[in-house]
Amino acid sequence: MEIANQSPMSNPQKEKVMNNIRTTELQQHIGKRVCLHGWLHNLRQMGGIRFLVLRDGYGTAQAVSENEADFAPLANLALESVISVEGIVAQTPQAPGGVELHEPHIVVITPNSEAPPVALHKKEIKAGLPILLDHAVVANRHPARRAIFRLAAGAMNGFRHTLNGLGFTEIQTPKMVASATESGANVFELSYFGRSAYLAQSPQFYKQIMVGVFERVYEVGPVFRAEPHDTSRHVNEYVSLDVEFGFIENHFTVMALLREVVAGIFATLAEQYTAELTLLQANLPTVPPTIPHIHFAAAQELIWQRHGVDVRGEPDLSPQDERWLGEWAQQEHGSDFLFVTGYPMGKRPFYTHPDLSNPAYSNSFDLLFRGTELVTGGQRLHRYSDYLAALNKAGLPSEPFATYLEAFRYGMPPHGGFAIGLERLLMQLLGLPNLRLTTLFPRDMQRLAP
RNA sequence: GGGGGCGUGGUGUAGUGGUAAACACACUGGCCUGUCAAGCCAGAGAUCGCGGGUUCGAUCCCCGUCGCUCCCGCCA
């Protein structure tokens with residue numbers, strides 16, 4: 001077995017060899033001698049001819065040899081061994097993708113002798129959710145698992161790119177906070193130099209405060225929910241794509257921006273992540289120029305008429321209601337998306353701006369994507385006196401909110417925003433049955449590792 | 001927090017109140033010159049989650065327990 005002794009990346013034939021080539025770049029180097037680095041993804045030996053599939057961080061490539069000695073370094077090695085393969089890039093019709101490496105020179109960088117707990121070289125990983133999550137550190141190497149998380153990166157890219165183009169400034173707000181963000185419940189407590197602190201359940205207060213600084217802000221970051229929920233759509237830490245901006249007319253201004261952001265995310269995926277989308281057979285939605293919207297009360301009336309279930313007067317929509325509304329949006333408007341506007345004030349947090357023409361309802365909205373809540377947003381209160389009144393009405397003391405209130409005391413514009421759940425976006429895009437499948441290392445009631 | 005379902009080799013499943021268990025993939029060895037979810041042959045690997053009960057006998061039936069999963073509540 002030949003093992004690289006000094007720098008694994010060093011190469012004896014430095015002049016002629018194109019180093020640090022990715023598997024996805026082979027097409028650009030046909031006829032040249034290149035060196036790939038990666039993992040031994042698969043090995044197919046058929047007597048007189050041998051194939052190996054090398055997987056790097058980007059894709060896979062095949063090397064072939066009719067000379068037994070070329071593959072000698074792989075003797076006694078298991079898949080997932082880390083290797084480099086130097087060879088001549090050849091255009092061959094029968095090779096996967098039409099290119100492969102000939103005359104391979106294989107160097108073992110990190111030998112592996114043990115088969116991974118789940119086979120990574122099959123088209124699909126055949127494992128249940130618990131196994132997949134228990135062994136996520138290796139299972140996520142599988143091209144199909146990896147593609148999901150690459151798309152997550154793409155969604156964040158698209159989010160940032162769209163907002164940067166609209167004059168937004170990216171911020172990072174504290175995740176350790178002194179008091180519970182929006183209510184007393186559902187936050188994780190931690191010890192902070194002898195005092196109690198909490199993990200932020202949302203950047204809500206800080207992003208509003210930062211509207212007073214930058215006017216238009218966004219944040220990509222984790223949020224923490226201590227909710228004891230145990231469903232396929234919930235985890236206790238997830239990535240929130242948050243936006244907040246000033247000088248709006250009402251929540252429809254916010255919805256219009258959200259439409260641009262969602263369109264920007266999917267446009268980015270469509271343009272730059274075709275390999276992942278194809279691999280996962282993703283069904284990309286088309287975002288209508290104007291996303292249809294329906295008022296909360298009208299939505300309940302619609303459910304009563306279409307399905308004979310009387311949810312009128314309920315303070316919120318159930319998951320079943322949302323699925324029904326999603327179907328309706330598809331049938332009636334041909335849209336994967338639907339805004340539900342005007343949720344009752346009673347179900348929304350105290351900073352929510354009421355609908356002045358009907359104060360029982362709010363200037364807020366949810367965006368449903370294929371029948372599941374993807375985004376929540378709305379217009380916020382912006383006058384100091386309104387905040388004092390709202391806190392009073394909610395039975396909350398103003399003292400814990402002193403920092404927050406100070407921003408309003410000194411002048412804030414009409415503003416609003418929203419928060420997109422990143423993992424939900426991917427789950428709905430890919431039609432997956434469990435949010436944990438789109439979460440790198442999920443945190444739920446049972447799971448704190450890996 | 002409430003309700004339902006499930007726990008069988010590394011992984012995914014099948015199965016039966018009676019000699020402790022079948023199949024596929026992975027794994028090991030052999031064969032194979034164009035594989036690409038490779039193929040063929042052979043092999044190793046499971047005290048059927050744990051504890052108790054019923055029974056002549058339990059992987060199977062009952063109870064408890066632990067774990068997992070789905071739905072609801074709540075949310076993104």
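Side chains included, hydrogens not; waters and symmetry mates left out as well; all remaining heavy atoms used.
In terms of phosphate contacts, Asn434(A) brings a side-chain nitrogen or oxygen within less than 4.0 Å of OP1 or OP2 of C70(B). When the side-chain nitrogen and oxygen atoms of Gln446(A) are compared with OP1 and OP2 of C68(B), one or more of them lie within a distance under 4.0 Å. In terms of phosphate contacts, Arg233(A) brings a side-chain nitrogen or oxygen within less than 4.0 Å of OP1 or OP2 of C72(B). OP1 and OP2 of G10(B) both lie 4.0 Å or more from every side-chain N or O belonging to Lys126(A). Between Arg323(A) and C72(B), a side-chain N or O to OP1/OP2 separation shorter than 4.0 Å is present.
Comparing Ile49(A) and Glu237(A) against RNA chain B, the residue whose closest nucleotide sits nearer the 5' end is Ile49(A). Between Asp230(A) and Val375(A), it is Asp230(A) whose nearest contact on RNA chain B lies nearer the 5' terminus.
Rounded to whole Å, the distance from NZ on Lys122(A) to P on U11(B) is 17 Å. The CD-P distance, from Glu373(A) to G73(B), rounds to 12 Å in whole Å. Between the CG atom of Leu425(A) and the P atom of C75(B) there is a distance of 21 Å, given to the nearest Å.
With hydrogens and angles ignored, no donor-acceptor pair closer than 3.5 Å exists between the side chain of Gln45(A) and the base of U35(B). For His229(A) against C74(B), a side-chain N or O and a base N or O form a donor-acceptor pair under 3.5 Å. The base of C75(B) lies close enough to the side chain of Arg424(A) for a donor and an acceptor atom to sit less than 3.5 Å apart. For G34(B), its base never sits under 3.5 Å from the side chain of Glu66(A) at any donor and acceptor pair.
Across all strands shown, A20(B) has no partner, as no Watson-Crick or G-U wobble contact with both distances under 3.5 Å is found. Nucleotide C40(B) has G30(B) as its partner under the Watson-Crick or G-U criteria, with both atom distances under 3.5 Å. When both distances must be under 3.5 Å, the Watson-Crick or G-U wobble mate of C68(B) is G5(B). Remark: G51(B) base-pairs with C63(B); criterion is Watson-Crick or G-U wobble with both hydrogen-bond distances under 3.5 Å.
Among the protein residues, Pro96(A) comes within range of the nucleic acid bases, having at least one heavy atom under 4.0 Å from a base atom. Using a 4.0 Å heavy-atom criterion, one finds that Gly421(A) contacts no nucleic acid atom at all. Within the nucleic acid shown, Arg55(A) has no heavy atom closer than 4.0 Å to any nucleic acid atom. Nucleic acid contact class of Ser232(A) (heavy atoms, under 4.0 Å, all strands): sugar-phosphate only. Within 4.0 Å (heavy atoms only), Val239(A) reaches no atom of the nucleic acid at all. Among the protein residues, Ala78(A) comes within range of no part of the nucleic acid, since none of its heavy atoms lies under 4.0 Å from any strand.
In the set A26(B), C75(B), U35(B), A26(B) carries the atom at the smallest distance from any side-chain atom of Ala119(A). When distances run from any side-chain atom of Tyr238(A) to the nucleotides G34(B), C72(B), A76(B), the shortest one goes to A76(B).
Glu373(A) and Arg233(A) are not joined by a salt bridge, as no carboxylate oxygen comes within less than 4.0 angstrom of a charged side-chain nitrogen. The pair Glu244(A)-Arg380(A) meets the salt-bridge criterion, since a charged nitrogen lies less than 4.0 angstrom from a carboxylate oxygen.
A 4.5 Å side-chain heavy-atom check between Met445(A) and Asn236(A) finds at least one atom pair inside the cut-off.
The same atom, P, is picked in U19(B) and in C32(B); the two are 43 Å apart, to the nearest Å. With both ends at atom C1', the span from G7(B) to U55(B) equals 24 Å, rounded to whole Å. Rounded to the nearest Å, the gap between the P atom of G5(B) and that of U59(B) is 23 Å. Between A20(B) and A58(B), the distance separating the two C1' atoms is 11 Å to the nearest Å.
Remark: His333(A) NE2 is packed, more than 12 non-hydrogen atoms of other residues, nucleotides or ligands lying under 6.0 Å away.
Under the 6.0 Å distance and 45° angle rule, Arg44(A) does not count as a cation-pi partner of Phe51(A). Geometric assessment of Arg22(A) against the ring of Tyr58(A) yields a positive cation-pi assignment under the 6.0 Å and 45° thresholds.
Tyr387(A) pairs in a ring pair (Phe, Tyr, Trp, His ring centres under 6.0 Å) with only one of the listed residues (Phe401(A), Tyr404(A), Phe205(A), Tyr351(A)), which is Tyr404(A).
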